[in-house]
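In what follows, a single structure is set out as structure tokens and then discussed.
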Amino acid sequence: MDITIVFRIAAVGILVSVLNQVLIRSGREEQAMLTTLAGLVVVLFWIIQYISDLFNTVQALFQL
Amino acid sequence: MEIGKIVIIGLISVMLGLILKKQNPEWGMYIRVITGILIFFIIAEKLGVVIDIIKKMSDKIDIDLVYIGIIFKVLGITYISEFGAQLCKDAGESSIASKIEFAGKVFIITVSAPIMLALMDIITRIIP
């Protein structure tokens with residue numbers, strides 16, 4: 001539970017937005033949208049894992 | 001010094017969120033979600049200590065453990081529905097946020113039904 005996950009997400013976000021701009025400038029809007037989508041899906045998999053940990057902890061803590 | 005760590009994590013993620021929000025706003029949403037989860041995990045074991053203290057106090061006053069359990073359930077439901085509702089509000093979707101809050105209220109009422117029934121019994125017994 002350290003802050004590296006936040007930095008990882010920010011890094012992927014910055015990378016994807018830069019790639020997005022580069023692809024848009026070079027006229028490939030479809031690939032730009034696809035790379036953004038790919039970045040979103042990757043980060044979603046990481047975050048889903050954290051969200052399930054959160055719900056399990058809350059369930060254990062509050063005896064839900 | 002734990003509180004310093006939490007504030008620093010909050011500030012760092014706000015900065016990162018601002019950086020990412022210009023190009024595409026969905027990354028700001030990811031940063032908000034992951035920060036909320038991180039801060040919760042930092043206070044999770046402290047919360048466990050608080051809950052144990054409340055349980056010990058309730059044993060001394062010999063309140064029935066069922067009611068304390070229901071209070072904790074209501075707390076848990078409130079925390080999670082508040083977590084989701086605030087995130088939706090931040091993203092600008094206040095209608096979804098109000099739906100989540102309404103669902104949370106319904107779950108709270110269903111969980112706390114035994115307490116309400118017990119209250120009704122007491123009242124009917126007092127008033128002949």
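Here is how names work: the chains are called A, B, and so on, in the same order as the sequence lines, proteins then strands, and each is numbered from 1.
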Using a 6.0 Å cut-off, check whether atom CE of B/Met120 has over 12 heavy atoms from anything other than its own residue.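 Check fails, neighbour count at 12 or below.
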Within 6.0 angstrom of A/Arg28 CZ, more than 12 heavy atoms from elsewhere: no
Could you check if a side-chain atom of [X] sits within less than 4.5 angstrom of a side-chain atom of [Y], using non-hydrogen atoms only?
| X | Y | value |
| --- | --- | --- |
| A/Phe62 | B/Ile77 | no |
| B/Ile34 | A/Trp46 | no |
| B/Val33 | A/Tyr50 | no |
| B/Phe72 | A/Leu64 | no |

For [X], is it the side chain, the backbone, both, or neither that has a heavy atom closer than 4.5 Å to a heavy atom of chain B?
| X | value |
| --- | --- |
| A/Ile14 | both |
| A/Gln21 | side chain |
| A/Val16 | side chain |

Hydrophobic clustering (ILVMFWY, side-chain heavy atoms < 4.5 Å, transitive) - are [Y] and [X] grouped together?
| X | Y | result |
| --- | --- | --- |
| B/Ile61 | B/Ile115 | yes |
| B/Leu20 | A/Leu19 | no |
| B/Leu16 | A/Leu44 | yes |
| B/Trp27 | A/Leu34 | no |
| A/Val42 | A/Ile48 | yes |

Shortest non-hydrogen separation from [X] to [Y] and the atoms involved:
| X | Y | result |
| --- | --- | --- |
| B/Ala44 | A/Leu61 | O-CD2, 3.9 Å |
| A/Ser17 | B/Asn24 | CB-OD1, 4.0 Å |
| B/Phe40 | A/Leu54 | CD2-CD1, 3.1 Å |
| A/Gln63 | B/Lys73 | O-NZ, 3.4 Å |
| B/Leu38 | A/Ile5 | CD1-CG2, 4.1 Å |

What part of B/Tyr30 gets within 4.5 angstrom of chain A, counting heavy atoms only: side chain, backbone, both, or neither? both
Using non-hydrogen atoms and a 4.5 Å limit, figure out which bit of B/Ile12 sits close to chain A: side chain, backbone, both or neither.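 Contact with chain A involves the side chain of B/Ile12 alone.
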I'd like to verify something: which residue of A/Asn20, A/Leu40, A/Val6 has the highest number of heavy-atom pairs under 4.5 Å with chain B? A/Leu40
Who among B/Ile80, B/Ile31, B/Leu47, B/Val111 has the most heavy-atom pairs with chain A under 4.5 Å?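 Among B/Ile80, B/Ile31, B/Leu47, B/Val111, the one with the most close pairs to chain A is B/Ile80.
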